[in-house]
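Report on one structure; see the data block that follows.
If you read the sequence from its start, that first residue is 1, and numbering goes on from there.
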Amino acid sequence: MQTKKKKVAWKAEAGVFLAVAFVAAGALGAAQGATGIPSVVLQLTQFGPTLGVAAVALLWPSRIRHRLVGTLPSRRPSEPGAHCPNPAPSLLLLTAPLIIALTAGTYAWVEGTLSITDPSTLGSPFALIVVAQLIGACGEEIGWRCLLQPLLRTRFGPLMSSITVGVVWGLWHVQVFTHAPAYAAGFLLATVAMSVVLGLSQDRTWTNRLLLAGGFHTLINLGMLLFLNDESGADLSMMLFGLAALLAMVPWVLRGPTTRILPTAHRAR
């Protein structure tokens, strides 16, 4: 009976989070124009997952602390090798520009040209855009990587949970599916591949997960803004983006381990 209650509880948490994240993102997107905030600076939809986390915290306050272990800077638990340097954060933040470079380089090779956006033409100070993009990215990642990923991690393992979160993350960007099927397919491939990178990096990261995931997300968004012109709906650039993310994902999968069990603090209560 206790096991059944726990099973129902985690499904309820996931269901509430997703329902609020999707609905809130739609409402925030509809309100974007009234705020006067340029979407190139910050998209309010990014705070849908934050509101989803808030809803879970209100309904299950005793559980949320365990769900968000490692989200903020904290002291790493004692374990064998705890004092060994952890390369995962650096590798994660290097993977984002690698994906953009692979995409842009391949596009330039195929098309013979690459249009680069001048930051001075964006209509807002680039420093403001960078800071706002980081805030927005963290608004998403506190839901996807800091709540939903750990929630699924101990039930489906690191790889399958990362793929699942990537699919949901991609579908959450519903506006993408107003473009051609090739564009949507490329974007969905990218979100799944990047989610695997983020999920497996979390398996090796004990602290400050929110800023690391948000930093990766920000670098990707800025790279797309400056080098890919992702809002144009160009099928080729988005397909190449998906393939580049898939290629960058491969070393993370190969270097494993993908079956290591998280410490007790990360398991469902």
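Annotation for Val23: hydrophobic cluster partners, listed by chain and number, are none (ILVMFWY side-chain heavy atoms under 4.5 Å, direct or chained). Clustering of Ile, Leu, Val, Met, Phe, Trp and Tyr by side-chain heavy atoms under 4.5 Å joins Leu102 with Leu98, Leu247. Grouped with Leu134 in one hydrophobic cluster are Leu211, the linkage being side-chain heavy-atom contacts under 4.5 Å among Ile, Leu, Val, Met, Phe, Trp and Tyr residues.
Listed by first then second residue, pairs satisfying side-chain hydrogen bond (donor to acceptor under 3.5 Å, both in side chains) with a partner in residues 89-101 read Thr95-Trp252, not counting sequence neighbours. Listed by first and then second residue, the side-chain hydrogen bond (donor to acceptor under 3.5 Å, both in side chains) pairs that reach into residues 186-197 are Arg145-Ser195, sequence neighbours excluded.
Linking Ile, Leu, Val, Met, Phe, Trp and Tyr residues whenever their side-chain heavy atoms come within less than 4.5 Å leaves Ile99 and Leu188 in two separate clusters. Met239 and Leu114 fall into different hydrophobic clusters, where Ile, Leu, Val, Met, Phe, Trp and Tyr residues are linked whenever their side-chain heavy atoms come under 4.5 Å apart, directly or through other members. Two different hydrophobic clusters hold Leu58 and Leu147 under the rule that ILVMFWY side chains link at heavy-atom gaps under 4.5 Å. At a threshold of 4.5 Å between side-chain heavy atoms, the hydrophobic network of Ile, Leu, Val, Met, Phe, Trp and Tyr places Ile220 and Leu94 in two separate groups.
Side-chain contact check for Arg67 versus Val56: every heavy-atom pair is 4.5 Å or farther apart. For the pair Leu51/Leu28, a side-chain contact is recorded, criterion being any heavy-atom separation below 4.5 Å from C-beta on. Looking at Arg63 and Trp10, their side chains never come closer than 4.5 Å, going by heavy atoms from C-beta outward. Contact of the Asn221 side chain with the Gln46 side chain is registered, since non-hydrogen atoms from C-beta on lie closer than 4.5 Å.
By the side chain to side chain contact (heavy atoms under 4.5 Å, CB included) test, Ala101 is found to be paired with no residue, residues two or more places apart in sequence or in another chain being considered. Contacts of Phe17 classified as ring pair (Phe, Tyr, Trp, His ring centres under 6.0 Å), with partners at least two apart in sequence or in another chain: Trp144. Evaluation of the side chain to side chain contact (heavy atoms under 4.5 Å, CB included) rule for Val130 yields Phe126, Leu222 as partners, not counting sequence neighbours. The side-chain hydrogen bond (donor to acceptor under 3.5 Å, both in side chains) search around Ser161 returns Gln149, not counting sequence neighbours. Partners of Thr178 according to the side chain to side chain contact (heavy atoms under 4.5 Å, CB included) rule, which considers only residues two or more places apart in sequence or in another chain, do not exist here. For Pro97, the side chain to side chain contact (heavy atoms under 4.5 Å, CB included) criterion is met by Leu219, not counting sequence neighbours.
If you take CZ on Phe187 and CZ on Phe177, they are separated by 7.5 Å, rounding to the nearest 0.5 Å. Considering CG of Leu228 and CD1 of Ile100, their distance stands at 5.0 Å, rounded to 0.5 Å. Here the OG atom belonging to Ser201 is positioned 8.5 Å from the CZ atom belonging to Arg209, to the nearest 0.5 angstrom.
Checked by atom type and distance alone, the side chain of Gln32 pairs as donor or acceptor with a backbone atom of Leu42 at under 3.5 Å. For Thr71 (side chain) and Leu210 (main-chain N/O), no donor-acceptor pair under 3.5 Å exists by modelled atom type.
The two residues Ala55 and Val20 make their nearest non-hydrogen contact at CB-CG2, 3.8 Å.
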Show me, pair by pair, the donor-acceptor contacts under 3.5 angstrom made by side chains of residues 164-175, not counting sequence neighbours?
| from | atom 1 | to | atom 2 | distance (Å) |
| --- | --- | --- | --- | --- |
| Thr164 | OG1 | Met160 | O | 2.8 |
| Trp169 | NE1 | Glu140 | OE1 | 3.0 |
| Trp172 | NE1 | Ala21 | O | 3.3 |
| His173 | ND1 | Trp169 | O | 2.8 |

